[in-house]
Amino acid sequence: MKRMISLTALVVAVPFLSCSGQGSDFPEVDGWTRAGDVLTYDADNLWEYINGAAELFIQYDVQTCRTADLASGDLVVTVDLYDMGSPLNALGVFNQENPAGGAPLPGATVAAVSPPYQALLLKGATYAKLNAIEGKLTEASGRELLEALARALPGETTLPAELGLLPENGKVAGSEGYQREGFLGLTELPGCVFADYSGAGDATWQGFVVLPPAGSSPASVWEALAGDWTSLEDEGLTVLYREIPYRGLVGVVMSDGSIVGVSGAADQAELLSRLESFIP
Amino acid sequence: MSRHSRSEREHNRISRRNFVKVGGAALAGVAALAGSAVPAAAGTTPSMFPTPPRQDAHIQSYRTLGRTGWRVSDVGMGSVPLRESSVVRYAYDKGVNYFDTAEGYGNGAAERAIGEAMQHMDREKIFIASKCRIRDDDNAETIVDRVRGSLERLQTDYVDAYGIHLASTTEALSHPGYHAAMDQLKAEGRVRFTGVSYHGPGRPDQASMADVLCAAAEDGRFDIMLLVYNFLNHEEGDRIIAACKANNVGTTAMKTAPGVLRWQPVDRDNLTEQQQQYIERMTGRGQSREAALERLEARSKRQRDLYERTRPFVEQYGLLTEEQLRLGSIHWVLQNPDMHTACIAFTDFDLVDKVVPLSGTQLGAAESRMLEECRLALNDQYCRHGCAACGASCPHDVPVSTIMRYAYYYEGQGNEKYAMTLYAGLEGTDASACTDCAGDCAGACPHGIDILPNMLQVHDLLTLA
């Protein structure tokens, strides 16, 4: 009976995992004053704040979201600070929410202002999302605010180190990204860093490096791929490949202990050609 | 009449520590049914799914989406999180003709992905439902602007439905700016129908999902609903579906498969990297290490206990993976002909190949039995989101579900002061009224929860009595 009581007592409340109104560790932003409480959410209750949009952040292993309103003059913005646990996860979310990419910003990794309502910032493991709720942001005021916020945030301003795995030759600047799951819509491809690469003419294609999830290794991912994908030998190198609906062939090889791959090839010859140019 | 004597009440109480330790086990849903690798009775159970994944499968069942008249595929596509436009196209080629999205999904990324696929789809053969969260200070102009933004991302001239995303009160249903915007956009041919989504209260002052969506169904201005519906959480959904049926409103389901949890034990002397990071983050936010560890352990124990409770079912029916549970849950939703479409978040081609073959098929006996047993096992331990069914039985109008939430703030989150402050400021009667109450709330909970002893215990907890 006791067990039943206590089970009931907490079961009722689980769906209401609450935010905390007690947080005081929100960064001070020069020229802006905080209006109201800081609310803090984690992966368990983020949906209370942003509903279905929480799925994306959970997929990228969100640790906390701290949110507060900041005011300056006639402008009031809601600032959401997502601690994504790692710079790579933060980049992944930034990519997803801002596919057009960003621009350099002093004190930050990258940032984007979308007047009149929104500004985004990436710094270290923090993804910051600002939405104007009173007044309107301009490009200038948005950047000014982002710069002030960036100064108050911890973290490195460089891109995640994992992007260094991507070969530089032919890489389209600014096209780098990270996808945590299901790269190219394929469940068998876990987290991948990727970038666009120049092809013939104006064509570009994607090259990528697989980052095995915790608890697995390149070898285990390779083994799983070998069980499902077609294999071919090319000059002593084993290439695994498959067709992606509507998007041609994707192929991978094992290179220096990492799984590297290319996508969008029209046929085997193009696949091998791209792999050859991509392998470091 | 079944009332509890004072001695019985005392007997029913447990120590605060036990409340923490045992209560941590409770987690709504069967999320952990397949949370870990499960030893199945290999070779002794029939295959759970009669329809294996198939790349050549096609939607087999279409239903009429209320007054919209749209013949909607029983399997629809949700779009959060969505990145690959080719998955949208793939689902379309399998016969999926309903795409649910929102401005807020990936900051518009989901709408963009659908838009990128648009050139490969016959616009007249698909139904696109988008939505946005409406702020109090929104007006017709700002909402029209946001809809135009959605249209641009979707690369279409019109959306079939545009709804209020997360309407948390019945008052929100009458937002004048939204309705003015919809009137304008309908006149322009940019929007055909309206809709509402809501998944239940996130704060004590918010209404239940059924309260809001039943009101929306009866309102007359809304054509489709998006609601939580799964085999563990369908009582409210059934009410909403009935209201929609009576008013010829379309029904679409989200959160069709309970979430998945893995059980990760906590060894204080040997924390995993992830656990260590969690502790560092909590302490970085000002929490003591001990409190952070207790919180971590409570989470772990909830998961473990739920796993243990559900494991017999998993073993009995040979469920080997989280995926089997997920597909079984989706299959269960598809059985209800009055739920017009289940919006599945297709993030990859494989999932399309696994879910589409379920279209138009009957739930197998083994699946049905397993799901029912899971439901029965958890039914009397699960106080539904925002449910107020017991309210009429209380002569003092004690807000039971609100008080239970405060208990969780105290125990589950370690926000003791916050919970006690909330309880002290509770509007209305607190649970002290239960002490000598002659009312009869026993049996008032339609789900079998014994209310009185819980109220007494929680009152003690939140007042440090």
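None of the values given here were measured: they were computed from a predicted structure. Residue numbers start from 1 in every chain, and the chains themselves are labelled A, B, ... in the order their sequence lines are given, proteins ahead of strands.
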For this session: Nearest 0.5 Å please: distance from the CZ atom of B:Arg135 over to the OG1 atom of A:Thr78.
Result: 8.5 Å

Problem set entry | Interatomic distance, A:Gln59 atom CD to B:Thr347 atom OG1 [nearest 0.5 angstrom] | 7.0 Å

Exercise. With only heavy atoms counted, which part of B:His120 is less than 4.5 Å from chain A, the side chain, the backbone, both or neither?
Worked result: neither

Seminar exercise, completed: Hits for ring-ring contact (aromatic ring centres under 6.0 Å, His included) against B:Phe349, two or more places apart or cross-chain, chain-then-number order -> B:Tyr90

Exercise. Can you name the ring-ring contact (aromatic ring centres under 6.0 Å, His included) partners of A:Phe194, sequence neighbours left out?
Worked result: A:Phe183

For this session: Answer yes or no: does atom CD of B:Gln276 have more than 12 heavy-atom neighbours from other residues, nucleotides or ligands under 6.0 Å?
Result: yes

Exercise. What do you reckon, is CG of B:Asp137 surrounded by more than 12 foreign heavy atoms closer than 6.0 Å?
Worked result: yes

Exercise. Looking only at heavy atoms, what is the nearest atom pair of A:Pro245 and B:Ser86, with distance?
Worked result: O-CB, 4.1 Å

Exercise. B:Ile451 versus chain A, heavy atoms under 4.5 Å apart: side chain, backbone, both or neither?
Worked result: neither

Problem set entry | Region of A:Gln96 that comes under 4.5 Å of a non-hydrogen atom in chain B | both

Exercise. Is there side-chain contact between B:Asp348 and A:Glu181, with at least one heavy-atom pair below 4.5 Å?
Worked result: no

Problem set entry | chain B contact via A:Leu120 - side chain, backbone, both or neither, heavy atoms under 4.5 Å | side chain

Seminar exercise, completed: Turns out that what part of A:Asp83 lies under 4.5 Å from chain B's heavy atoms comes down to side chain

Problem set entry | Heavy-atom pair with the smallest gap, counting every atom of A:Ile50 and B:Arg133 | CA-NH1, 3.6 Å

Exercise. Under a 4.5 Å heavy-atom cut-off, does chain A meet the side chain of B:Val87, its backbone, both or neither?
Worked result: side chain

Exercise. Given a strict heavy-atom distance threshold of 4.5 Å, which part of A:Phe57 is in contact with chain B: side chain, backbone, both, or neither?
Worked result: neither

